[in-house]
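Single-structure report; data block below.
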Amino acid sequence: MAKNVITTTTVDIDQPIDLESTMESGQVFRWEKNQDWYIGVIKRYGYAIKQTSSGLLVTTSNPDKGDTIKSISNFFRLEDDLGKLYTNLQHDQVLNSAFQRWRGLRLIKQDPWECLISFVCSSVSNIPRIKKNLNSLAKYYGRPIYLGDSTVYEFPSATQLSKVSVHDLSKLGFGFRAEYIVKIVNHELSGMLNLQKLLIESYATAKAKLTELPGVGNKIADCVLLFALEKLEGFPIDRWIMRALVDWYGHSENAKYSNLVCWAHKMWGTSAGYVQQYMYQQRRLS
DNA sequence: GTAGGCCCTTACTT
DNA sequence: AAAGTAAGGGCCT
């Protein structure tokens, strides 16, 4: 038997979905574009995904068709009703134009561990460098997955990263983030950190836990909360969102992070996360 | 509580 | 080519 058996599945989708803007919206770093396909990993399997008129075409190493559909639906949060979001907030001119420009941009539900490490890497970094860092980790410490002609890598668990030293990571170009990552791996290994448990905690409780970790402050915690821990009120404020809040909503440049998040929650409640994603895309790419 | 210096490099611009 | 700067923050004082 060949080890790289792949199957192809059509996933029909009745929700707005734009694969490209979703994959290029700074949520994930390890999905590579090849022609019309995005290639990456979800849990234990490799996937190549292409947008079609009726939804997505998916080629995968996952042998179970039903599980493939479930995984894809889960990953793209197809349970979220974007049409409703667009209607509910269409009175806001800023958001309304972002909704139209980026229609189908969706939040992604990622693996919490990879998400945490990814955003610790993102601190004062840039996209190409973050990608390089994460791909190094995956390639050197993760399990390879064969998907047709391409090889992708499962993101290494804390156990798989247990022997990684600050020196190793420094050589891979992590800079001052190397120390954070080694410490976070140890937190996870010691059981002091339990990301799965945070899935069922409240936003506030989970955020308090995350910000105890070295290298994780307000912003990075919000990224993990929103992109992986299913806290849709998560409202990460990076430079781009800050500029948007100042330019479009009249906030002061030195407004406090937590006050801004509070304001966002009053404005948008549990839609704050989606609002943030559209604002980010609009401010950064338009 | 909070302003400023510092952290390690890389990618990209002048 | 060399120098400068921005890059999806966080920590410590």
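Just so it is clear: chains get the letters A, B, ... in the order the sequence lines come, proteins before strands, and each one is counted from 1. Hydrogens, waters and symmetry mates play no part in the numbers below; they use all other heavy atoms, side chains included.
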Whole Å only: how far is the CZ atom of A:F29 from the P atom of C:dA7? 15 Å
A:Q51 side chain vs A:I17 backbone, donor-acceptor pair below 3.5 Å: yes
What's the separation between atom NZ in A:K171 and atom NE2 in A:H167, rounded to the nearest 0.5 Å? 4.0 Å
Round to the nearest Å and state the distance from A:N126 atom CG to C:dG9 atom P. 11 Å
In terms of the angle between their ring planes, are A:F119 and A:F227 parallel, tilted or perpendicular, with boundaries placed at 30° and 60°? tilted
Contact list for residues 182-215 of chain A, test ring-ring contact (aromatic ring centres under 6.0 Å, His included), sequence neighbours left out: A:Y203-A:H265
Just to verify, what does A:Y38 make a ring pair (Phe, Tyr, Trp, His ring centres under 6.0 Å) with, not counting sequence neighbours? none
Under a 3.5 Å cutoff on both atom distances, Watson-Crick or G-U, what's the dot-bracket for DNA chain C ([ ] crossing, | other strand)? .||||||.|||||
Protein-nucleotides 10-13 of chain C N/O pairs closer than 3.5 Å?
| from | atom 1 | to | atom 2 | distance (Å) |
| --- | --- | --- | --- | --- |
| C:dG10 | OP1 | A:G217 | N | 2.7 |
| C:dG10 | OP1 | A:G217 | O | 3.2 |
| C:dG10 | OP1 | A:I220 | N | 3.0 |
| C:dG10 | OP2 | A:K219 | N | 3.4 |
| C:dC11 | OP1 | A:G215 | N | 3.1 |

Please compare A:R129 and A:N254 by the position of their nearest nucleotide in DNA chain B and report the one closer to 5'. A:N254
Validation row: A:N218, A:K207 side chains within 4.5 angstrom (heavy atoms): yes
What are the 5'-most and 3'-most nucleotides of DNA chain B lying under 4.0 Å from any heavy atom of chain A? B:dT2 to B:dA11
Can you confirm whether A:S150 sits close enough to A:N34 that some side-chain heavy atom of one is under 4.5 Å from a side-chain heavy atom of the other? no
Centroid-centroid under 6.0 Å between A:Y86 and A:Y274 rings: no
Quick one: does A:Q27's side chain have a donor or acceptor within less than 3.5 Å of a partner on A:R106's backbone? yes
Looking at A:R129 and A:S122, would you say the former's side chain and the latter's main chain have a donor-acceptor pair under 3.5 Å? no
Give me the distance, rounded to whole Å, that separates C:dT5 from B:dG5 when you measure between the P atoms they each carry. 16 Å
Of A:T7, A:T68, A:T10, A:I69, which is the lone residue that meets side-chain contact (heavy atoms from CB on, under 4.5 Å) with A:V58? A:T68
Whole angstrom value for the distance that separates C1' of C:dA7 from CD1 of A:I241: 16 Å
Distance in Å, A:I13 CD1 paired with A:I72 CD1, rounded so as to fall on 0.5 Å steps: 8.0 Å
May I have the distance from A:I130 (atom CD1) to C:dA6 (atom P), rounded to whole angstrom? 17 Å
In numerical order, the residues of residues 265-286 of chain A whose heavy atoms come under 4.0 Å of DNA chain C are A:Y280
Write down the distance between NZ (A:K131) and C1' (C:dA7), rounded to a whole number of angstrom. 15 Å
Taken to the nearest whole Å, CZ/A:R239 to C1'/C:dG9 is 8 Å
Do A:E20 and A:D36 have side chains that get closer than 4.5 Å, going by heavy atoms? no
